[in-house]
Protein chains: 2
Amino acid sequence: MRPRTRRGGGRPTIADVARKAGVGAITVSRALREPDRVSRELREQIDKAVAELGYVLDRNARALASARADVVAVLVPSLTNNVFADVVRGLYDGLGDSHLQLHIGNTHYSGLEEERLLQGFIGQRPSAVVLSGIDQTATSRAILKEAGCPVVQIMEIGTDPIDMMIGFSHVEGGRAVTRHLIEAGYRRIGFIGARMDPRSQRRLAGYRAALEEAGLFDLRLVTTTTAPSSVSLGRELFRDALAKVPTLDAVFCNNDDLAVGVLFECNRAALAVPGKIGIAGFNDLEMMDVAYPSITSVRTPRYDIGRRAIAMARAAIAGERPEQRVVDTGFELMRRESTAR
Amino acid sequence: MRPRTRRGGGRPTIADVARKAGVGAITVSRALREPDRVSRELREQIDKAVAELGYVLDRNARALASARADVVAVLVPSLTNNVFADVVRGLYDGLGDSHLQLHIGNTHYSGLEEERLLQGFIGQRPSAVVLSGIDQTATSRAILKEAGCPVVQIMEIGTDPIDMMIGFSHVEGGRAVTRHLIEAGYRRIGFIGARMDPRSQRRLAGYRAALEEAGLFDLRLVTTTTAPSSVSLGRELFRDALAKVPTLDAVFCNNDDLAVGVLFECNRAALAVPGKIGIAGFNDLEMMDVAYPSITSVRTPRYDIGRRAIAMARAAIAGERPEQRVVDTGFELMRRESTAR
DNA sequence: TTGTACGCGTTATCAA
DNA sequence: TTGATAACGCGTACAA
């Protein structure tokens, strides 16, 4: 029975390299992974053969044989959102010289989509999973608990981590910025929110708590939509809010895109900022400091969260026990011209 | 000799499912891939067994056995850049109901990094490769030609596609917007550019060509940096440009972030836009239309390019020959208040 | 429509 | 330090 034709595109395999270098296949494998455990002589022959053949390791075969994929699965709710773009940048930078790869999945703010993606990713036997927020479905939590790999929830903290967590309290963020507005002398402080995902909801809760403490809360001050955030949406929501409450003297925006839209609308309508209207955003995009007037916001350590999430994952992959399972990064209120009255 | 302990984490395999469902392993495999080719009765038994066992397909094993990974490798120069965030969104949406996965790599605008990533991705035997621009290194081109899978270069067009291409001419984009500024009556038109990657260089070339046609070109009008683009950088570069050429009456910004920075700086310095200074950007981010004054820009079909690139890749994977290897999507000049004088 | 035998390219195990 | 052998879990080819 003659050997069948090779299925793979005829690309060189580890056996080809071994033959050419005059060694066993396993020695080639070792030379590639742990060069120190192979004698210098053989290593050089092998390197030469690899170069001549243009050999490229088949990651699928490696993953199958070693039952782990050197892949970190990452689930974020959006790729368009600057916030998660920064997180992902931090994740990449956190990889450093490890041979880990990042596989990014976009949940589109849907728990069900997260479940679906998780199924797919788990099928790759990732070395770790990083995912956003703390509102996973019961099924997702079950999948992750059974996956047997480190899991890092990011951008938020809570009391019941699947495994590890790093982020900050969105309730406290919302509360801090709202208190600042109150202290600045504003009294009719509106909340403008888009998307209204769980983190936005919690920012709203912080806003409400702060206003209630001060006896200033009024439901009509809250203007939200589930539509995705954008600058133009900021303009629209602000118009709506002003129509509802003509005495509005400040707005806390769910995020910075909205705040910029509000600022442009104030400029257009000749509403003085911060004199007539105070504006505060959330996340502190780079633009906020450059805007005229510059816009108050809550600086969230997105990039850092990304870096440290990978560091936590790498430590756990290496078998280390985390010092703390839940890491609170905090946030920083950036007071600027838009609320300086 | 007793069977050794299983290497994998003891997760159920296709054989376990087959045993439980009382069928052959291959029937389970088929039921998963091509349900129509398995009798309804068996299919139901199999689905039940899968659910009860919590079976998850091992994608690595599938990829190894079938010599293809159902993965599209995507290389973009940046994830922070809104432009590529939109492209990636388009790519995801283009996937539709296919069982393809996207694996995103970030080249950080480096040809060498692109090469390195390509090596890694090719090791996964992707079904297709999507990459940005037309300036790949010779090595990258060689790797791709040998990969034997469809390749789509996006965001730009040129005369020598590796395989397929979809995008538009950045030279023409730069030329169009510059001509518009000239027609609007501006005479001392500056160019402000950050990053200055190949596409930025070509926008600059278009700008220069248009000004030279009109006899208005002057090297001192050009202010660039290789630093990454940002709103604050737009402010800085505009200040530099104005210091060099105090008679400056308009600026074409390499991209919209810079343009927004210029607008804020004009507001702060009380330079009337468009009266005293005209401003034009590139890419037409959503914000441009909301800004006050709204900002002229070149709308680039980023999302669409993403979608169509995947469509082209899918067609090629399915064995179809493309109608055209190079697709010019064009662009659209959006005339707005910032240049309406 | 279903099943059998084998191979995919690599690594773990164990022995030399 | 090196190598032979047997998995890893699934899909292809072919036969029934």
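Since the model is a prediction, treat every value here as computed from it, not as a measurement. Below, read A as the first sequence line, B as the second, and so on, with proteins coming before strands; counting in each chain starts at 1.
Residues B:Glu115 and B:Gln136 have side chains that never bring a donor and an acceptor to within less than 3.5 angstrom of each other.
The side chain of A:Arg62 lies closest to C:dT11 when the candidates are D:dC10, C:dG9, C:dT11. For A:Ile26, the side-chain atoms get nearest to D:dA4 when compared with the rest of D:dC10, D:dA4, C:dG9.
In terms of position on DNA chain C, the residue among A:Asp58 and B:Val38 whose nearest nucleotide sits closer to the 5' end is B:Val38.
Following rounding to the nearest Å, B:Ile14 (CD1) and D:dG11 (C1') show an atom-to-atom distance of 9 Å. Remark: P of D:dG11 and CG of A:Asn60 are 12 Å apart, rounded to the nearest angstrom. One interatomic measurement links the two molecules: CZ of A:Arg68 to C1' of D:dC8, which rounds to 14 Å at whole-angstrom precision. Atom CZ in B:Arg33 sits about 9 Å away from atom C1' in D:dT12, given to the nearest Å. B:His99 has its NE2 atom 16 Å from the P atom of D:dC10, to the nearest Å. Straight-line distance from the CG atom of B:Leu42 to the C1' atom of C:dT1: 9 Å, rounded to whole Å. Regarding B:Leu64, its CG atom lies at a distance of 14 Å from the P atom of D:dC8, rounded to whole Å. Whole-Å rounding puts the A:Arg125 CZ to C:dT10 C1' distance at 15 Å.
For the OP1/OP2 pair of C:dT1 and a distance below 4.0 Å, the side-chain nitrogens and oxygens of B:Arg37 include no atom meeting the criterion. At D:dG11, one or more side-chain N or O atoms of B:Ser29 fall inside 4.0 Å of OP1 or OP2 (strictly under the cut-off). An OP1 or OP2 oxygen of D:dG3 is reached within less than 4.0 angstrom by a side-chain nitrogen or oxygen of A:Thr27. Between D:dT2 and A:Ser39, a contact under 4.0 Å exists linking OP1 or OP2 to a side-chain N or O.
Using a 4.0 Å cut-off between charged nitrogen and carboxylate oxygen, B:Arg314 and B:Asp97 count as a salt-bridge pair. Remark: A:Arg307 does not engage A:Asp304 in a salt bridge, criterion side-chain N to carboxylate O under 4.0 Å. Under a 4.0 Å N-O distance rule, the pair A:Glu44/A:Lys48 does not qualify as a salt bridge.
B:Arg59 places no side-chain N or O within 3.5 Å of a backbone atom of B:Ala69 that could act as its donor or acceptor partner.
Contact annotation for A:Arg30: base contact, defined as any heavy-atom pair under 4.0 Å involving a base atom.
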